[in-house]
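Some notes on the structure that comes next.
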Amino acid sequence: MKTNLKKFLALSFMIMFQWGLAQTSVSGTVSDSSGVPLPGATVLVAGTSNGVTTDFDGNYSIEASEGDVLSVSYVGYVTQNVTVGASATVNVTLAADNALEEVVVTALGITRDKKSLGFAQQTVSGETLAESKQVDLNVALTGKIAGVQMIGGSSSTFDNGFLRLRGESDVLYVVDGIKVYTMSDINTDNIASISVLKGAAATALYGADAKSGVIVISSKKAKVGESSFTIDHSTSVSSVSILPNYQNEYGGGYDQEWDVFTYNPATDPASFASFTGHYTPYYGADESWGPKLDGTLVRHWDSWIPNHPNFGEQRAWNPNPNNVKNFYESGIENSTSLAFASGTENTQVRGSLRLINETLPFPNTARNQIDASVNGSVQITDNLSAYSSLNYQIRKTENFPVNGYGGLGANFNQWFQRQIDMDRMRDNYFYEGQYYTWNRVSARNATPKYWDSPYFDFYGDRTEQRKNIMFGNFGLNLDINENLSAQVEARNRFNTYESNGRTGWGGIDTPSYNESSSRYSENELQATLAYTEDFGDFDVDALIGYQATQRRNHSTSASSAGGLTVPEFYSIATSKDRPNYSTSLSTSKQLATFSQVSVGYNSMAYLEGSYRFDWGSTANADANRIETWGLSGSFILDKLINNKNVSFAKLRAGYSEAPVFPGVYATSSVYGVGTAHSGNPIFRVPNTQSNPYLLGGTRSELEFGTEFSFFNNRLGLDLTIYERTDKDLPISIPVTGATGYSGLAVNSGQQSAKGVEVTLNLVPVQTEDLRWDISLNYAQNKKYVDALAEGIERRVLDSWMSWGGLQTQEVVGEEWGLIVGRKKARDANGTQIVTETGRATFETNQVLGNLLPDFTGGLTSALAYKNWDFNVGIDFQSGGRFFSTSNMFSYYSGLHEDTVGLNAKGNPKRDSVADGGGVNVVGVTADGTPVDTYQSASFHYYQHYFGNNHENWLYDASYVKLRTMRIGYNFPTDLIENTPFEAINVSLIGNNLLLLYSNIPEGGLDPSEIEGSGSIASGYRNVEGGQLPPSRTFGLNVSLKF
Amino acid sequence: MKNLLTKIGGFTICISLLFASCETVDFGDENVNPNSPTNKKTDAMITSAITAIPGIVGAVDPTYYVQQISDVTYTTGSRYSDEQWSFDGFYTGALKDLQEVIDLNTKFPTEVTGGGSNANQIAVAHILMGYMYHNITDRWGAIPMSEALQGVDKIYPKFDLQEDVYSQVMTNLDKAVGMIDGGGLNGDIMFNGDMNKWKMFANTLKMRMALRMADVNPSAAQTAFVAAWNAGVISSNAESVHYPYLTEDAHDNPWQDRFETRYDFVPSALLIDHLKANSDPRLAEFADGSLISNGTEYVGLEYGLENPGILETNLSGIDARVIKDGTNDGGYLMTYAEVCFAMSEAFLRGWSGLPGSAQLWYEYGIAASHGQWGVASADASAYLASVAPVSMETMAMEKWVALYLQGYEGWAEWRRLDYPVLSPPSAAISGTGVPVRHGYSALLPTNNKEAYEAAVAAQGPDNQDTKLWWDTK
């Protein structure tokens, strides 16, 4: 029995107005064969649109006349038709259908019986997703699907994460058959269910785009007999949760001596006359090796602002341990959704509107978003039906916080003065029309040295983006006869982005302005013919189809050069030098025909094959066809096993081959164009030598799986093992620059991946009032490099991972993503080898680890007790690595708490070595002579960085995170009986709550939030350049259904 | 069953007919890249290659090695933090563009006449390649040349020894000068199509290279040197070659960019003190007085300190004409002063076949350098009267001063002449002395293993202390 409160909410009906004959109120209880009531079962008066659902206790009440037939149905049970007799009470007992008659959505939106699938597939229901009220789909899926690893951006920014499915990140998102451009186009409130098709076999019908897996999303649609209106509102507050461990003993500067101001009557204004003898900090230093914070009276940065009340004031040189924390605000998000759904047997319509207003924990950052959608279907004649859907989103963002090096995270955690009072910074950064910074060149010169005030980054500099997207479809279904049906569908999506950004007047950088506009669109037409027939014990389903796709991406951008000519005015027209302008256009077309045949024997054995041809414009015109095919089978064992404890047992296997097209214009060879010099144009030979014979590579995948369910579905186990090979990948092989090129485009390269995915579902407690579901996902994926190109054993994927050229490499015969860099040299006993003065020595080209994790997974727990629900989501990762620039520079700059304290002699580390301070370095020289010396703290910690000490700052990316928690309450039906509401739910939600475990000794970082863009970031998310602090969110959600 | 098989069979036949129909589909122009051109515009490639020169003449690091420039705050550069450097940018950029000019002029001579005459384009390409190869080999030593720039045809180009690079370049320069004809040259932002200037440039380069190998192969050096002199080299300050910087951001002097929002480099105490001690009037032209003294006092920053801790307002800055403007200063490729000192040295070595004398050319060189920097002739003459007579040491010291802000040239000459006597900073991060070479890029042992190992075996350990072929002491 499935007691499912959420189903009850979703399927609640209102009694419809009806005309006609005298009706009585027929009521009763629907229960299963063991007498347990079934809430949320549908009771429909056959032939009408009159329907209700049973309440929590399985009771229903409906207007019906004697002789009407009541059709009672419930998922997993055989539908019963009962004629209304003289009695006004009709109780119905439903018999359980064959276990797991679960219907799932597969490729091209085709629904299939899960048991007939020969390949790995996992479903997440829309309600489970909606529990965490996450706007970001990727975050909402985290931990729920085996093999899916969520790579996150900072939770306090607008950064989207992305998903890696079986180690690959080019996962396709499909909503109602439309391939969506980006995951953020999807309105999570409209999702009815998500079906994750994991391997190539599951996607042989989508062709090359889907070789890494497809996330098939079905939107909510109105059901027959439904008429509802829901309002959903949630408000949540986010605040910064993890900050590094700062030291608060020494302030800004490069050494501990004070500069003393001396009035110079020849050059200083008269107001400076009384300043002789004042202590001045080294304002221009962006490090904290300065004097001790002992309360000495000094001239802080804001005491030099002319005409300011603080002018000339001396204040104590004291710690401000919470200064960074005080900078951050509380971010607030308000999200309101309205949806209506109405369905009769002939017409179903659903519409929704969602409004989101969000601010981040940073000043002057805001996002407003409106998502609107409408979908509907109409039965035109008995055989012909039409359907259509339209989704629209408009989103405006003001100020994207800069994540990574050069942004706020880098400022506070790497280059800062620890004594800065943030309240004074907020009050004084802009005074009488001028911007002032803590990092001024000197007492007399207010020009910023390296850093503007952090407030300038949000008020002086600005970025703005406007996003408009639309995607939709229109289709016709024709039932030709009882076996044959045809479908034609047209789909379109387009995304446009307009952005502009400015570097403000009055800051350290030359003012500038840039604008860009891009548009990405795709049109697709698909026609399919489906055939289904039973031949005795055999069921045959066949499908043949045709698809034509057209894509167009166009972007232009312009930026000012050399500065702007009009103060406080930002436009391209006022650029000082000739502005930079660039534009890029790419178009491609694709045609495909595909077919799929599945044969089932006796509902016990299934065999399925699919074949697809694609012709693409990006391939060489003489050979532009690729073939994708797949074969899979499944075998249902439980009837053979015939053990009452085994409710379901299935074995499955599948194999598929899916080639890839080369990228747009990859086969053509062109010159790059540079900025002209005094009217002379500049052409450059590009750095990658093109290859006109470039082919697509091929992915082949073999998969085996089992699915078991025990004890009447109280325990479920899904196990999948897969092996995947990528051959002839078109890659740019890096070659030594002396060839004239840095890369050659070739078809070589072979990679393979092996993995295991396990899903365990447990229902430890199931009683009338209480049900507890636990689901555990675990996945392991190991990817290997089998071959690169002839004679090439090694390929550097990314070498700008840090200072000093840490590299991510592909090495033949090794796991993909080796990290190679410098490691401190040690002797056979593990003692560090140093120079005589204690300087570290290093070994270069050492393998330091691997980028990809050892295993990933998640745990979800859903507890339902009467009207309450309590859900928890945890996800985890073990292994993997990332480089931390923040920690590296926080040591270099003396910001970290480890750079203060006592040394081995018991004296403060930061005292001079002559005074017994310094950091003890113990080691041996290369020839074995022991070394035991003290280095000045600033030199030692500079060394930590200068050594290009990659090993030290390459951290284990393992973590366990409590990502969501929710407590919800459904108002009982008797309480709301007299209100217009059908259902009310109130819940408290927490997101990104706690990092339960991480393996970073110095702390202060969240390994699940490594940034993906920025000056030193890379697509592999393997380096953190200046992580913005993660934030946790608490919110309240109210859902009203009419 | 039969029914089933028939139906399936029929279905399959339909499908296979459909599939067998098309092997390829014609998409027309869909895959023609609309963003970038394919026209063989060789003049634009020559311009592109010339724009790589600021990276050579405006480089900061060699100014550290000759200890004329100090770091104000971030001192890792002057303390040799980087030992490994990559030459890939030259090969994938300018050198490949020039090779493309040569290839297109050879394979499609009639299609590329928009760039000038075929001979002139090929000649200038060789001259520019020679200039760049010379700079590259003087930094690293053995470098790929004969097997380079061939793309997929040679993915593991071998390294040519420096000796061979020198001889190939000098041969190419001679050939280039020989093939220059009366046709024009377009895209020439350096000399605007004046082929005589290109001949002068090539000959001066050859003279420079000849002098550089004077210690390892004196007879060949002398022959080449005299031949270059006779063919015609730079003969006045007006003929000194300076890169054509613009005020526009995309083509301005890198020195000016460095000082737009930061202040990281100042003249060293070694240089300033030397100029002060000799009452050298170039002091006021090389540097500006410190802000705190209102421009009246010249204070250099001691070179190589780990933590100088001195505000830049207390220090002299590099002259404003370089760091605030830079269009006509701080970007010399070759100067008349350099030619004069080279001639002086030829006499000091006892080479014959040249006019003048060591002392004469020495004085011409000093006067030329003063004139180049805008010193009034009266002051220049006063200084001239006070200098010691010519010797290898005095000539080398004067040349060291004259090559101010000509980083790579200054460094090469210091390595060769060994004056002034310099020692590395105590807080040096790499190496055991002042660098005499740049180490190869960290990518080479991966990308071109055998060739790299052969080069190291022939030349010496791959670090900054291994002397190059011509640097005998």
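All values reported here derive from a predicted model rather than from experimental measurement. When reading the values below, keep in mind they use all heavy atoms of this one structure, side chains included, and skip hydrogens, waters and symmetry mates.
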Report task. Find the one option among A/T510, A/N680, A/T736 whose heavy-atom pairs under 4.5 Å with chain B are most numerous. Result -> A/T736
**Report entry** Region of A/A676 in contact with chain B, defined by heavy-atom distances below 4.5 Å
**Finding:** backbone
Requested in this report: Can you see which heavy atom on B/T92 is nearest to which on A/Y741, and at what distance?
Outcome: CG2-C, 3.5 Å
Query - Closest-packed option against chain B by number of heavy-atom pairs under 4.5 Å, given A/T447, A/D509, A/L744, A/V685 - result: A/V685
Query raised in the report: Looking at B/M145, B/R262, B/Q99, which has the largest count of heavy-atom pairs under 4.5 Å with chain A?
Result: B/R262
Report summary line: Checked B/I189, B/L291, B/D249, B/T47 vs chain A; the most non-hydrogen pairs under 4.5 Å come from B/I189
Report summary line: Counting heavy-atom pairs under 4.5 angstrom with chain B, the leader among A/H677, A/K589, A/E627, A/R578 is A/H677
Query raised in the report: Side chain, backbone, both or neither: which part of B/K41 has an atom under 4.5 Å from a heavy atom of chain A?
Result: both
**Report entry** Residue selection (most heavy-atom pairs with chain B, distance under 4.5 Å) from A/G253, A/G616, A/P448, A/G679
**Finding:** A/G616
**Report entry** Gap separating the CD atom of A/Q809 from the CG atom of B/L443, nearest 0.5 angstrom
**Finding:** 8.5 Å
Query raised in the report: At a heavy-atom separation under 4.5 Å, does B/E312 approach chain A through its side chain, its backbone, both, or neither?
Result: side chain
Requested in this report: Could you tell me which of B/A49, B/G151, B/A250, B/P157 has the largest number of non-hydrogen atom pairs under 4.5 Å with chain A?
Outcome: B/G151
**Report entry** Main-chain N/O of A/R684 paired with B/D97 side-chain donor or acceptor, under 3.5 Å
**Finding:** no
Query raised in the report: Of all of B/F159, B/Y91, B/Y452, B/F90, which one pairs up most often with chain A through heavy atoms under 4.5 Å apart?
Result: B/Y91
Query raised in the report: Heavy-atom count around A/E257 CD within 6.0 Å, excluding the residue itself: above 12?
Result: no
Query raised in the report: Any idea which heavy atoms bring B/S48 and A/F683 closest together, and the distance?
Result: CB-O, 3.1 Å
Query raised in the report: Checking A/V735 against chain B: side chain, backbone, both or neither under 4.5 Å from a heavy atom?
Result: both
Query raised in the report: Measuring heavy-atom distances to chain A, does B/T51 have an atom under 4.5 Å in its side chain, in its backbone, in both, or in neither?
Result: side chain
Query raised in the report: Where do B/M45 and A/Y671 land on the side-chain contact (heavy atoms from CB on, under 4.5 Å) test, with the steps shown first?
Result: CA-CA 9 Å; B/M45 293 174 213; A/Y671 295 114; 3.5 Å; yes
Report task. Select one option (side chain, backbone, both, neither) describing which atoms of B/E306 are under 4.5 Å from chain A's heavy atoms. Result -> side chain
Query raised in the report: Who passes side chain to side chain donor-acceptor pair (under 3.5 Å) against B/D257, sequence neighbours left out?
Result: none
Query - side-chain contact (heavy atoms from CB on, under 4.5 Å) between B/H251 and A/I682, worked out - result: CA-CA 12 Å; B/H251 296 291; A/I682 290 183; 3.8 Å; yes
Report task. Counting only heavy atoms closer than 4.5 Å, note whether A/N624 contacts chain B via side chain, backbone, both or neither. Result -> both
**Report entry** Student check: side-chain heavy atoms of B/N294 and A/T267 closer than 4.5 Å
**Finding:** yes
Query - OG1-CG distance between A/T739 and B/D153, expressed to the nearest 0.5 angstrom - result: 10.5 Å
Requested in this report: Sort B/L444 into side chain, backbone, both or neither according to what part of it lies under 4.5 angstrom from a heavy atom of chain A.
Outcome: side chain
Query raised in the report: Side chain, backbone, both or neither: which part of A/V441 has a non-hydrogen atom closer than 4.5 Å to chain B?
Result: both
Query raised in the report: For the candidates A/A738, A/A285, A/S678, A/S938, which exhibits the highest count of non-hydrogen atom pairs separated by less than 4.5 Å from chain B?
Result: A/A738
Report task. Could you tell me the separation between the OG1 atom of B/T73 and the NZ atom of A/K449, rounded to the nearest 0.5 Å? Result -> 3.5 Å
Query raised in the report: Taking the six-membered ring for Trp, are the ring centroids of B/Y263 and A/Y450 within less than 6.0 Å of each other?
Result: no
Query - Toward chain B, the part of A/E287 with a non-hydrogen atom under 4.5 Å - result: side chain
**Report entry** Partner chain A: residue of B/P144, B/P244, B/G93 with the largest heavy-atom pair count (under 4.5 Å)
**Finding:** B/P244
Report summary line: Residues at least two apart in sequence or cross-chain that pass side chain to side chain donor-acceptor pair (under 3.5 Å) with A/T503, listed by chain then number, are A/S512
Query raised in the report: Side chain, backbone, both or neither: which part of B/E260 has an atom under 4.5 Å from a heavy atom of chain A?
Result: side chain
Report task. Could you walk me through whether A/F939 and B/N307 pass side-chain contact (heavy atoms from CB on, under 4.5 Å), step by step? Result -> CA-CA 10 Å; A/F939 182 76; B/N307 224 342; over 6 Å; no
